[in-house]
Asker: 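One structure, as structure tokens, below. Some questions next.
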Amino acid sequence: MDKSEEIKEQQLYIEKIYKINKDKNLKYNILTMGCQLNENDSEKLCGMLEKMGYTQTNNVKEADIAIFNTCCVRENAEDKLFGKLGELKKIKEEKGIIIAIGGCMMQEKHITDKIKESYPFVDILFGTHTLHKFPEDLYKVLEDKKKLEDIIDIDGEIYEGIPIKRDSNIKASVTIMNGCNNFCSYCIVPYVRGRERSRQPKSIINEIKELASQGYKEITLLGQNVNSYLKVEREKNIFFEEYKGINSFATLLKAINQIDGIERIRFISPHPKDFTDDVIEAIAECDKICKLVHLPLQAGNTRVLKEMNRKYTKEQYLNLVEKMKNKIPNLTLSTDIIVGFPGETDLEFEDTLDVVKKVNFEQVYMFIYSRRIGTPGDRMENQISEEQKHKRFNKLKDLVEKQIEKNNKKYINTIQKVLVEGESKNNKELLTGRTDSNKVVIFKGDKNLIGKMINLKIISEHMWYLKGEI
Ligand code: SAH
Ligand code: SF4
Ligand code: F3S
């Protein structure tokens, strides 16, 4: 069966479940962990569930079906899942709720084995490659009242046409590629998300045009490695249909920049090794592309980077940043950093601090190295003690916070273009929006500004947000 037929078949399951659920006022609760790719997958699960006649509830005790979309990139994720399962067990005993666990962690056999052994009340286990089959899996569970496991380990496919219900009506995420071929030695993602594969240019453009016509203003392009969009296809001569001249990440950016109605374009995450000149030029040239670029560093020391299999040196990273800063006016950068990779010495960690000082990031996402079963990093013998890792983490955090404070001060008295996203969560009297550099700005204003791009004067700064006035 080809993929569009598979999706049509799932549509039939959606209709069957809709008939079963009709007039029952059934509810679903969904909890999502992990990155924006997972959030985008959850939006698809929500889309399918709503078409099956379920409505969303934030209170799991009210739900008829509870879904947990998992992440396994770091250890604490596992504690969260098993804690949650304990909670769901009680609800299951009180009422016959259906429990479905999906996402990246389900691609790890030691985890699914543990669930089947210790949490046998879970109804559906589904993986990252079978998300589109959720209607069929649910139908079988509803009909047969049996447990179901739908997890496969494949390179992966791209499915178009899965229903979607988005969290916002102003900003939308669009996945442009799936999987990862980089195998950084600490990372589990390539094992749970399969090999790199890109969506067809035409499908992406049509989706974004549709979003523009629905009034969406900001698009975030998603992928584990967005700037290698269509790279595997080009290198291995895998068929793709060139559309509007799109045959690379740079040409994709340029084409999206032409779409009327879209005012901002962001993307995560690019890999420094694939940051080619044409991408830098596209960012500089295209007025809608935000000038905040997320450029994951991971570590500042060249030996550690080599052990991590990152394929760039400290100098290459710094040179790339220099080149970008020279070519892209008003560029700001954010990054991801791991402290305490096996074998990292105090002296080598200083290189990470050095790069942070030199680049002056707008935002740094800091992580303590976490051993992932099945990765080369986990098999390395020179693991760092937890105490040492925490010491380094705190040192990095101090530096980053000082820099953010200093950077925030630069915003005061400047005029910033802000996309207004809605009411502030903490104070309904105020509105909230974001700058081009993704800083949150809180300000007083009329609700009809929501969804608009406006100019604000920044009047004060507070670590995680700025205050502005019209
Ligand atoms: N593909 C993206 C993001 C992958 S996961 C990229 O390459 O940037 C997001 C971040 O989690 C990574 O950038 C890395 O900083 C962190 N991470 C991944 N594996 C980790 C591990 N085993 N321990 C700690 N942090 C990790
Ligand atoms: Fe993980 Fe590296 Fe792939 Fe990012 S590029 S998903 S860090 S293996
Ligand atoms: Fe986590 Fe999977 Fe994303 S492991 S970070 S949810 S790709």
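For this chain, numbers begin at 1 and follow the sequence in order. Atoms within each ligand, like the ligands themselves, are counted from 1 in listed order.
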Asker: Just need the protein heavy atom nearest to atom 5 (S) of ligand 2, so name the residue and atom and give the distance.
Answerer: Asn182 ND2, 3.3 Å

Asker: Is the distance between atom 3 (Fe) of ligand 3 and the nearest N/O/S atom of Cys35 smaller than 2.8 Å?
Answerer: yes

Asker: Atoms of ligand 1 less than 4.0 Å from Tyr369 heavy atoms?
Answerer: 23 (N), 24 (C)

Asker: Can you tell me which portion of Met105 lies within the under-4.0 Å heavy-atom range of ligand 3? Options are side chain, backbone, both, or neither.
Answerer: neither

Asker: Under the criterion salt bridge (Lys or Arg N to Asp or Glu O under 4.0 Å), which of Arg266, Lys417, Lys288 is the partner of Glu218?
Answerer: Arg266

Asker: Tell me the closest heavy-atom pair linking Asp150 and Thr130, and the distance in Å.
Answerer: O-OG1, 2.7 Å

Asker: Evaluate salt bridge (charged side-chain N to carboxylate O under 4.0 Å, His left out) for Lys389 paired with Glu386, printing each intermediate quantity in order.
Answerer: CA-CA 5 Å; Lys389 287 193 236 176; Glu386 288 306 312; 3.1 Å; yes

Asker: Check each heavy atom of Phe367 against ligand 1 and say whether those closer than 4.0 Å belong to the side chain, the backbone, both or neither.
Answerer: side chain

Asker: Which heavy atom of Asn407 sits nearest a heavy atom of Phe361, and at what distance?
Answerer: ND2-O, 3.3 Å

Asker: With atoms numbered from 1 as shown, which atoms in ligand 1 lie under 4.0 angstrom from a non-hydrogen atom of Pro296?
Answerer: 8 (O)

Asker: Find out whether the Lys NZ or Arg CZ of Lys323 is both under 6.0 angstrom from the six-membered ring centre of Phe275 and within 45° of the ring's axis.
Answerer: no

Asker: Assess whether atom NZ of Lys395 is packed by more than 12 heavy atoms of other residues, nucleotides or ligands within 6.0 Å.
Answerer: no

Asker: Using heavy atoms and a 4.0 Å limit, tell me yes or no: is Val189 in contact with ligand 1?
Answerer: no

Asker: Going by an N to O cut-off under 4.0 Å, is there a salt bridge joining Lys109 and Asp153?
Answerer: no

Asker: Strictly under 4.0 Å, does any heavy atom of Gln36 approach an atom of ligand 3?
Answerer: no

Asker: Identify, by atom number and element, the atoms of ligand 1 in contact range of Arg372, meaning under 4.0 Å from any of its heavy atoms.
Answerer: 22 (N)

Asker: Report the nearest protein non-hydrogen atom to atom 23 (N) of ligand 1: residue, atom name, distance rounded to 0.1 Å.
Answerer: Ser370 N, 3.0 Å

Asker: Return the residue, atom name and 0.1 Å-rounded distance of the protein heavy atom closest to atom 7 (S) of ligand 3.
Answerer: Gln224 NE2, 3.1 Å

Asker: Tell me, please: is Ile368 in heavy-atom contact with ligand 1, that is, under 4.0 Å?
Answerer: yes

Asker: What are the two closest heavy atoms between Met463 and Ile404, and how far apart are they?
Answerer: O-CG2, 3.8 Å

Asker: Tell me which protein heavy atom sits closest to atom 2 (Fe) of ligand 3, plus the residue, atom name and distance to 0.1 Å.
Answerer: Cys104 SG, 2.2 Å

Asker: For Tyr186, which part has a heavy atom under 4.0 Å from ligand 2: side chain, backbone, both, or neither?
Answerer: side chain

Asker: Among Gln224, Glu196, Lys273, whose heavy atom sits nearest atom 4 (Fe) of ligand 2?
Answerer: Gln224

Asker: Specify side chain, backbone, both or neither for Pro190, according to which of its non-hydrogen atoms lie closer than 4.0 Å to ligand 2.
Answerer: side chain

Asker: Tell me whether ligand 1 is touched by Gln298 - counting only heavy atoms on the residue side and a distance under 4.0 Å.
Answerer: yes

Asker: Give the numbers and elements of all ligand 1 atoms closer than 4.0 Å to a heavy atom of Val73.
Answerer: 5 (S), 18 (C), 19 (N), 20 (C), 21 (C), 22 (N)

Asker: Which protein heavy atom lies closest to atom 2 (Fe) of ligand 2, and at what distance to 0.1 Å?
Answerer: Cys184 SG, 2.3 Å

Asker: May I ask you to list the atoms of ligand 1 that are less than 4.0 angstrom from any heavy atom of Gln224?
Answerer: 1 (N), 2 (C), 3 (C), 4 (C)

Asker: Looking at atom 4 (S) of ligand 3, what's its closest protein heavy atom, distance included?
Answerer: Cys72 N, 3.4 Å

Asker: Starting from atom 19 (N) of ligand 1, what is the nearest protein heavy atom, named by residue and atom, and what distance separates them?
Answerer: Tyr186 CD1, 3.3 Å

Asker: Pairs of nitrogen or oxygen atoms closer than 3.5 Å, one from Asn225 and one from ligand 1: do any exist?
Answerer: no

Asker: Return the residue, atom name and 0.1 Å-rounded distance of the protein heavy atom closest to atom 1 (Fe) of ligand 3.
Answerer: Cys71 SG, 2.4 Å

Asker: Hey, does Asp336 come in under 3.5 Å of ligand 1, counting only N/O atoms on both sides?
Answerer: yes

Asker: Could you verify whether a donor N or O on one side chain and an acceptor N or O on the other, from Lys439 and Gln416, lie under 3.5 Å apart?
Answerer: no

Asker: Mark up the atoms of ligand 2 that fall under 4.0 Å of a heavy atom belonging to Cys187, in ascending order.
Answerer: 1 (Fe), 6 (S), 7 (S), 8 (S)

Asker: With Lys231, which of Asn181, Thr276, Asp274, Asn225 fulfils side-chain hydrogen bond (donor to acceptor under 3.5 Å, both in side chains)?
Answerer: Asp274

